[in-house]
Amino acid sequence: MISKEQLKKVACDAIDEAADELRQVSDAIWEHPELGLEEHYAHDLLADFLEKHEFQTERSYKLKTAFRGQYESVKEGPNVAILCEYDALPSIGHACGHNLISEIGVAAGLGVKEAMKKSDVLCGKVTILGTPAEESVGGKIDLIDAGAFDDIDAAVMSHAYPVSDPAPVLLAREALEVKYLGRPSHAGGYPWEGINALDAAVACYNSLACLRQQCKPTWRIHAIITEGGEKINIIPEKAVLQVGVRALANEEMLQLRTKVIAVIESAATATGCQVEWRTVLRPYAAMVNNSTLVSLYESNLATLQVEPVPSAKGGHYGSTDMGNVSQVVPSIRPIFYAGSPEAIHTREFARDAAKPEAQPYTLIQAKVLAQMTIDILMDTEIQEQIKSDFIKDTEQ
């Protein structure tokens with residue numbers, strides 16, 4: 001009978017043999033950046049890849065630009081989902097490296113499939129799930145609501161960063177739109193007849209900056225003014241801000257949100273404006289890193305990543321709709337050094353996400369996720385420990 005280590009080698013060899021094709025997939029996505037829910041090119045490209053490699057593939061799965069590719073054994077077993085992201089950012093393209101995430105997802109699936117073909121001891125399914133709009137409306141939340149994760153036993157993915165961390169802290173997040181309404185008047189002739197909505201927006205912005213002094217180290221507040229008047233000789237009648245709040249836990253985010261709303265309303269009172277606010281992006285939940293999955297990730301990475309890379313365990317790295325997935329399915333979303341020291345969401349990181357130097361690190365991540373999946377499919381004790389960790393973490 002073929003051993004687990006031999007099956008892992010089969011998976012890694014399959015990924016290496018497909019390296020050129022995988023690089024072409026990544027490059028094509030990078031060269032065609034698409035915003036959330038508009039990722040038609042990436043959707044078709046990745047679905048084509050999976051179909052070519054014998055995955056039972058459903059296009060427009062639950063969402064127009066989502067997809068699902070499955071490969072399953074004859075014998076029943078757990079269903080491990082490896083997630084792809086492929087949306088880009090406005091103006092700066094793939095500055096979050098989602099082209100590399102997609103490459104990892106289909107590469108890992110390819111490796112597991114080849115291992116499953118070699119042995120009947122790998123019992124279950126590997127599902128490659130394409131999840132759109134992570135950078136905007138949170139496509140994974142729609143997929144959760146539509147039941148896409150109902151039959152999933154574990155969900156894994158890996159994200160490129162300037163440092164590596166097997167269990168990064170990913171914060172809960174909510175975004176608000178704030179609209180101040182004043183009264184227009186001639187700014188030169190009758191300014192006293194006006195009520196300046198821009199003053200309210202500026203007061204709000206500055207007061208949020210003051211609030212940061214009393215924020216916990218794990219709390220975050222972001223704000224931009226998106227509208228502040230039309231002509232300088234008219235007292236602005238309307239001003240609009242986008243405000244984001246983040247915190248370590250969902251409960252703390254609600255606590256911070258309450259403080260932020262108090263600031264929003266006080267700026268209206270101070271300037272005589274009316275104010276309206278609403279949630280514009282559905283909340284992203286804090287990430288729950290499944291301990292057993294993290295351990296599997298670390299142990300498999302240790303066999304593949306022999307050279308040291310920049311690491312920073314326990315750092316805070318923004319927010320993601322993968323946090324919402326982790327509330328309903330045992331999950332991990334490690335970050336990995338991809339050959340670039342540049343911060344994500346910069347033009348420099350976007351440039352480096354297409355460089356050949358990113359490929360060795362990316363393929364290692366695909367192999368790690370493939371090997372983890374083999375561990376899960378072969379070992380019922382691991383399956384039970386993953387479930388136990390999830391119950392413990394979600395009951396807290």
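Residues take their numbers from the sequence shown, with the count starting at 1. Worth saying up front: this structure is predicted, and the values here are computed from it rather than measured.
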Whether over 12 other heavy atoms sit under 6.0 Å from [X] [atom1]:
X	atom1	result
Q255	CD	yes
Q214	CD	yes
K355	NZ	yes
Q56	CD	no

Which of D48, L50, I128, L46 passes side-chain contact (heavy atoms from CB on, under 4.5 Å) with T57? It is L50
Hey, does the side chain of [X] reach the backbone of [Y] with a donor-acceptor pair shorter than 3.5 angstrom?
X	Y	result
N300	L369	no
S119	M116	no
D321	G139	yes
E39	A133	yes
T127	A81	no
H159	R333	no
Y180	I264	yes
N99	A28	no

Closest non-hydrogen atoms of K4 and D375, given as atom of the first, atom of the second and distance, are CD-OD1, 3.1 Å
Geometric class of the Y41/H32 ring pair [parallel <30°, tilted 30-60°, perpendicular >60°]: parallel
Determine all donor-acceptor pairs shorter than 3.5 Å in which one atom belongs to a side chain in residues 100-110; sequence neighbours excluded.
from	atom 1	to	atom 2	distance (Å)
S102	OG	E85	O	2.7
S102	OG	H98	O	3.3
E103	OE1	S26	OG	3.4
E103	OE1	Q359	NE2	3.1

Any chance the side chains of [X] and [Y] put a donor and an acceptor closer than 3.5 Å?
X	Y	answer
E134	T320	yes
S340	E348	no
D389	Q385	yes
E21	H53	yes

Just do the side-chain contact (heavy atoms from CB on, under 4.5 Å) check on Q383 and D153 with the steps written out, would you? CA-CA 8 Å; Q383 296 165 21; D153 296 289; over 6 Å; no
So the side-chain hydrogen bond (donor to acceptor under 3.5 Å, both in side chains) pairs with at least one residue in residues 187-197 (sequence neighbours excluded) are none
Can you check whether F55 and F67 have ring centres sitting under 6.0 Å from each other? no
Do Y361 and Y337 make the cut of ring centroids closer than 6.0 angstrom? yes
Let me see the working for V156 and L83 under side-chain contact (heavy atoms from CB on, under 4.5 Å), right down to the final yes or no. CA-CA 6 Å; V156 301; L83 274 55; over 6 Å; no
Start with the C-alpha gap between T131 and M157, add the side-chain angles, then the distance that decides, and say whether side-chain contact (heavy atoms from CB on, under 4.5 Å) holds. CA-CA 11 Å; T131 63; M157 62 175 290; over 6 Å; no
Apply the test salt bridge (charged side-chain N to carboxylate O under 4.0 Å, His left out) to residues K64 and E34: give CA-CA distance (whole Å), side-chain angles for both, the deciding distance (0.1 Å), then the verdict. CA-CA 14 Å; K64 187 67 176 176; E34 299 166 298; over 6 Å; no
